[in-house]
Amino acid sequence: MNDNGCIHLNNFKAAKGIHPYKIVHAFFVSCTSYEARRYKATSCLCFTCGQPGPRMHSCLHCIYFACYAGHIQDHSKSKKHFLYVDLSYGNIFCAQCQDYIYDRELTEIAMSHRLKEAKSLGISVPFMPWLPNNNEALALRRLRKRRLISPHTTIGLRGLQNLGSTCFMNCIVQTLIHTPLLRDYFLGEKHKCKAQSSGKCLVCEVSKLFQEFYSGAKTPLTLHRLLHLIWTHARHLAGYEQQDAHEFFIATLDVLHRHCMNGVEDTEKKENGRCNCIIDQIFTGGLQSDVVCTSCSGVSTTIDPFWDISLDVAGPGSLQACLERFTRAEHLGSAAKIKCSNCRVYRESTKQLTLETLPIVASFHLKRFEHSSQIDRKISAFVSFPAELDMTPFMSSHRRAVDVGATDNNNAPEGVFEDNRYSLFAVVNHLGSLDAGHYTAYVRQMKGSWFKCDDHMITRASLREVLDSEGYLLFYHKTVLEYECDVS
Amino acid sequence: MTVNNTIAHQRLILSGDRERFKELLRRRLIECGWRDQVRMLCRDVVKENESNNVTFDMLVTRVTPRARALVPDTVKKELLQKIKTHLLTQKDQ
Ligand SMILES: [Zn+2]
Ligand SMILES: [Zn+2]
Ligand SMILES: [Zn+2]
Ligand SMILES: [Zn+2]
Ligand SMILES: [Zn+2]
Ligand SMILES: [Zn+2]
């Protein structure tokens with residue numbers, strides 16, 4: 001696209017500058033203030049026919065409002081004014097060129113106004129398609145090799161050798177490799193390592209692993225280096241024969257997070273004390289705990305970060321029911337009195353857990369293994385889980401609204417953008433008994449395209465098959481990602 | 001447009017809600033792939049007319065009917081429902 005405008009616009013800019021466009025755009029296209037919205041609300045009618053459209057434009061020379069149904073054409077004939085700003089989209093129409101024209105400088109102004117408007121309305125930055133910068137455009141021209149991703153591609157799929165009961169690791173690696181945002185991070189080569197010797201950084205090792213998975217080769221990989229690294233840095237895991245995939249998942253996130261901190265990422269700002277590394281950006285949510293004193297109704301609230309949610313499976317029957325029970329207020333009873341800061345004595349109280357902030361990847365751990373001094377057993381109770389999950393009912397803000405009896409305010413325009421939809425993208429299963437078990441994983445490779453990973457064997461699977469499986473660890477990815485609004 | 005409609009419309013602009021709904025619509029159309037489909041339609045028109053100079057008006061007349069038909073019913077329903085509920089709650093106040 002040519003973004004050098006046209007001779008007419010260039011002459012206009014030379015004579016009058018960019019100010020006229022700036023004013024029209026800030027007041028009538030992307031209103032950057034309440035005052036501007038008042039102008040827009042009351043005056044956006046065609047001066048000729050009094051209608052609000054079709055396609056209202058403003059003359060850039062004299063701010064005459066006219067519609068595209070002939071009236072800007074009339075105005076340009078009688079007044080010899082040729083440039084018009086489209087009031088819906090901010091583009092410029094040149095009546096001499098008989099078409100819309102694009103100018104880089106004015107496009108940038110329009111963009112900055114759009115960001116300001118979004119901020120003033122409290123909505124996140126609008127979607128902007130990726131445009132290559134000069135370096136990227138140059139690289140694209142130089143590197144001619146292209147790989148076309150077809151809908152039936154098997155790219156990113158690779159089996160993993162079992163090194164002797166290491167299926168617990170293989171499942172977690174397959175899950176991490178198919179976590180969309182993590183994949184984007186690593187394939188974008190975002191990890192800049194500061195570790196002195198690269199052989200010691202788990203983040204570097206995972207980075208290499210992504211390259212292996214997406215190299216196009218099909219032979220199964222052997223992960224002894226990765227396993228060794230994790231065992232070195234999470235000593236409590238080393239030595240067991242068969243391990244718990246859940247424990248391994250948490251330990252892996254922890255080592256990755258620690259190694260990220262040694263990288264460049266630690267120089268980035270940490271918001272309200274929370275780590276900003278890629279692991280925490282993707283996996284960390286906030287769990288709110290409200291303890292209410294039954295005598296004085298005083299509430300004490302704490303918020304703790306979490307990487308996953310462990311759910312009891314006895315009883316419920318569905319993931320939503322498990323979550324419903326997880327977030328229900330629970331009476332703590334006389335045996336578990338808590339000192340109330342208001343009453344200054346130990347009181348009975350109720351406790352309720354809710355989700356204060358949601359992570360981008362929501363990981364659920366169904367507690368199928370029961371370990372006690374008397375007995376170790378596996379609970380194979382059926383728990384159904386959906387492909388699409390809305391987390392709104394389990395959020396602190398929602399629970400509060402329900403408690404005070406407020407009606408569903410999801411239709412209020414402020415709530416219109418609250419989007420807590422999640423899509424299933426990986427399921428880890430435990431097959432067999434407690435002591436002679438085997439782990440497999442289902443991963444979503446592309447939208448609607450599922451595969452079963454059984455160590456070195458990768459086979460195509462249907463969504464039905466995934467949803468009918470028992471389920472031990474369930475991984476959901478946020479369906480829509482918000483852009484951060486950091487305009488000053 | 002009736003007088004009442006105009007006032008409702010003005011109120012929507014004034015409160016910023018019109019932009020909010022517009023942004024919601026924009027997001028839904030991107031999510032469901034409509035935006036990409038329309039891009040492809042535009043590409044086809046440009047390719048068919050490679051010899052002539054394609055203008056915006058020409059694109060609009062050729063693509064709009066097909067683009068309108070491609071908007072999923074679920075998107076239309078959601079927007080209609082949300083705007084309706086919003087206008088009704090406004091009236092009560
Ligand atoms: Zn004029
Ligand atoms: Zn008119
Ligand atoms: Zn021109
Ligand atoms: Zn590293
Ligand atoms: Zn971290
Ligand atoms: Zn108390």
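Below, chains carry the letters A, B, ... as their sequence lines are ordered, and counting in each starts from 1. Here the structure is a predicted model, which is why all the values come from computation and not from measurement.
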Original post:
Does the A:Arg38 side chain pair with the main chain of B:Leu14, one donor and one acceptor, at a distance under 3.5 Å?
Top reply: no
**OP:** Verify the distance criterion only: is there a donor paired with an acceptor across the side chains of B:Asp57 and A:Tyr100 at less than 3.5 Å?
**Re:** no
Subject >> Contact origin within A:Tyr39 toward chain B - heavy atom pairs under 4.5 Å >> reply: neither
Subject >> Lys/Arg-Asp/Glu bridge criterion (N-O < 4.0 Å) met for B:Glu19, A:Arg114 >> reply: no
**OP:** Using a cut-off of 6.0 Å, state whether more than 12 heavy atoms not belonging to B:Phe56 lie near its atom CZ.
**Re:** yes
**OP:** Mark yes when over 12 heavy atoms from residues, nucleotides or ligands other than B:Lys76 sit less than 6.0 Å from its NZ; otherwise mark no.
**Re:** yes
Subject >> Salt-bridge criterion met for A:Arg37 and B:Asp17 (N-O under 4.0 Å) >> reply: no
Original post:
Is B:Arg39 atom CZ crowded by more than 12 heavy atoms from other residues, nucleotides or ligands, each under 6.0 Å away?
Top reply: no
Original post:
Looking at B:Thr55 and A:Asp99, what are the two nearest heavy atoms and their distance?
Top reply: CA-OD2, 3.3 Å
**OP:** Counting only heavy atoms closer than 4.5 Å, note whether B:Lys22 contacts chain A via side chain, backbone, both or neither.
**Re:** side chain
Subject >> Distance (rounded to the nearest 0.5 Å) between B:Arg20 CZ and A:Leu121 CG >> reply: 5.0 Å
**OP:** List the steps, then state whether side chain to side chain contact (heavy atoms under 4.5 Å, CB included) holds for A:Val480 with B:Glu31.
**Re:** CA-CA 8 Å; A:Val480 180; B:Glu31 272 172 54; 3.7 Å; yes
